[in-house]
Protein chains: 2
Amino acid sequence: MDNRAKILSSALKLFATRGYDAVGTQEIVDAAGITKPTLYHYFGSKEGLLTALLETHFESLYQAVREAATYQHDLPLTLNRVVLAYFNFADKHRLYYRLQLSMWFAPVDSIPFKAVAEINQKQQQLLEDLFLQAANDHGNMKGRHRMYAATFLGMINTYVSLSLNGYASMDDELVYKAVHQFMHGIFS
Amino acid sequence: MDNRAKILSSALKLFATRGYDAVGTQEIVDAAGITKPTLYHYFGSKEGLLTALLETHFESLYQAVREAATYQHDLPLTLNRVVLAYFNFADKHRLYYRLQLSMWFAPVDSIPFKAVAEINQKQQQLLEDLFLQAANDHGNMKGRHRMYAATFLGMINTYVSLSLNGYASMDDELVYKAVHQFMHGIFS
DNA sequence: TCCTTAGTATACCGATTGGTATACAAATCG
DNA sequence: CGATTTGTATACCAATCGGTATACTAAGGA
């Protein structure tokens, strides 16, 4: 692992568990076993480090969700795939997903929120497109694709958060439960 | 408005928009028009100020939700009341709800998370009790009260967040939509 | 009136903040 | 080989961090 990777790894661990603003650059470089000029050589600023962290990890989540979210006239199947994609990713990159989750509702004028805004928007867009297409096959869904996208992602993040904190496990059963509840509610 | 109230007000605005760790005590006292010893006289520490902020505002949310969540063998009605209670509160105390929301998924080892943990637990407990009682009338809900509570609160917070950012408005229609989706899913 | 208490300001504390000027070493390239 | 680029450390910067010692004022009770 080269120094750049060491810095990313240390920063991920610290940001995800204590928060961006609560962790100083000195602590990061100490944990990485290097010094500050090296950090600033690779990332330019503390904010640049955070951005690089998101760019490094988000791309693979984005690709996975994008593939899962291609609509083929079977909404239940597609939603299952999307939830599965999120669960697989979050389970494989637990620390990173913790970080992304902690930035999801960050204060609007904070650095973390600005850094994560594009990521949130890209996820929202993928899901909006999906529900927009699905509305062609399910007339009663028309005009609600934005709400569906937001609440679906909200539900996924709720389940992931429960799992990351040990109150559930991201297995096939939870995927089924999540999708079923989203589609049919709690009464069936 | 006395000095204590001035400090609480300034701190709320700053914490909610920029985040607890990103705002220094000096900035808070400057905004309040007083000096540091006054802040430490009333709150003891920066963390104590945050705690006082939560205690000051959460109680009225808790009372409102507790009344709304008393089950009388009509789950749809009760859920409507709960969502309405949240919307009314969040709309009346927008800044505070932004703060509470930003701390909801805060990193586990951060001060904000520890400060908000009890609040999260109390809300979860209210909703768990509700779904536990409801499960007596709806057999197919049995054993899922924890999940229902978590996802219901997750959905409420998703809707509130959308509204606080201007993508929806917390009116009766949104209450109906939220409850309907939670109970019957998206297909009806 | 005297004493105590609450509240507030001035001025300061050591530690840490994000960030950098300088120098040097290793690798790369012509 | 010599020159240039990349990477890294030492040592430092002004500014800010959370917090406080001291002194003062105003108010209330005995």
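Every chain is numbered from 1, with letters handed out A, B, ... down the list of sequences. If you're wondering where the values come from, they're calculated on a predicted model, not measured in any experiment.
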Can you list every side-chain hydrogen bond (donor to acceptor under 3.5 Å, both in side chains) pair that touches residues 133-142 of chain A, not counting sequence neighbours? A/Y71-A/D137, A/H73-A/D137
Between residues 7-19 of chain A and DNA chain C, which residues have a heavy-atom gap below 4.0 Å? none
For residues 170-177 of chain B, which side-chain donor-acceptor pairs fall under 3.5 Å, sequence neighbours excluded?
from, atom 1, to, atom 2, distance (Å)
B/D171, OD1, B/E173, N, 3.4
B/D171, OD1, B/L174, N, 3.0
B/D171, OD2, B/S169, OG, 3.1

How does the hydrophobic cluster around B/V108 look, that is, which other residues are in it when side-chain heavy atoms under 4.5 Å mark a link? B/F113
B/S/- along nucleotides 10-26 of chain C (protein heavy atoms under 4.0 Å) is B------SBBBB-----
Quick check on the hydrophobic clustering: are A/L77 and A/M141 connected, directly or via other members, by side-chain heavy-atom contacts under 4.5 Å? no
Between the two end axes of the helix from C/dT1-D/dA30 to C/dG30-D/dC1, each built from 5 base pairs, what angle do you get to the nearest 10°? 10°
Under 3.5 Å, which N/O atoms of the protein pair with N/O atoms of nucleotides 23-27 of chain D?
none

Could you tell me which residues satisfy salt bridge (charged side-chain N to carboxylate O under 4.0 Å, His left out) with A/D91, sequence neighbours excluded, listed by chain and number? A/R94
B/E67: partners by side chain to side chain donor-acceptor pair (under 3.5 Å), with sequence neighbours left out: none
Whole angstrom value for the distance that separates C1' of D/dT16 from CD1 of B/I28: 14 Å
Contact list for residues 1-19 of chain B, test salt bridge (Lys or Arg N to Asp or Glu O under 4.0 Å), sequence neighbours left out: B/R18-B/E27
Applying the side-chain hydrogen bond (donor to acceptor under 3.5 Å, both in side chains) criterion to B/Y96, which one of B/R98, B/H93, B/Q100, B/K92 satisfies it? B/Q100
Quick one: are the ring centres of B/Y62 and B/F58 less than 6.0 Å apart? yes
Taking CG from B/D30 and P from C/dA9, how many angstroms apart are they, rounded to a whole number? 11 Å
Any side-chain hydrogen bond (donor to acceptor under 3.5 Å, both in side chains) pairs touching residues 31-59 of chain B, not counting sequence neighbours? B/E59-B/Q63
What protein N or O atoms touch nucleotides 4-7 of chain C N or O atoms at under 3.5 angstrom, if any, and at what distances?
from, atom 1, to, atom 2, distance (Å)
C/dG7, OP2, B/H41, NE2, 2.7

Here the distance between atom P of D/dC17 and atom CD1 of B/I111, to the nearest Å, is 15 Å
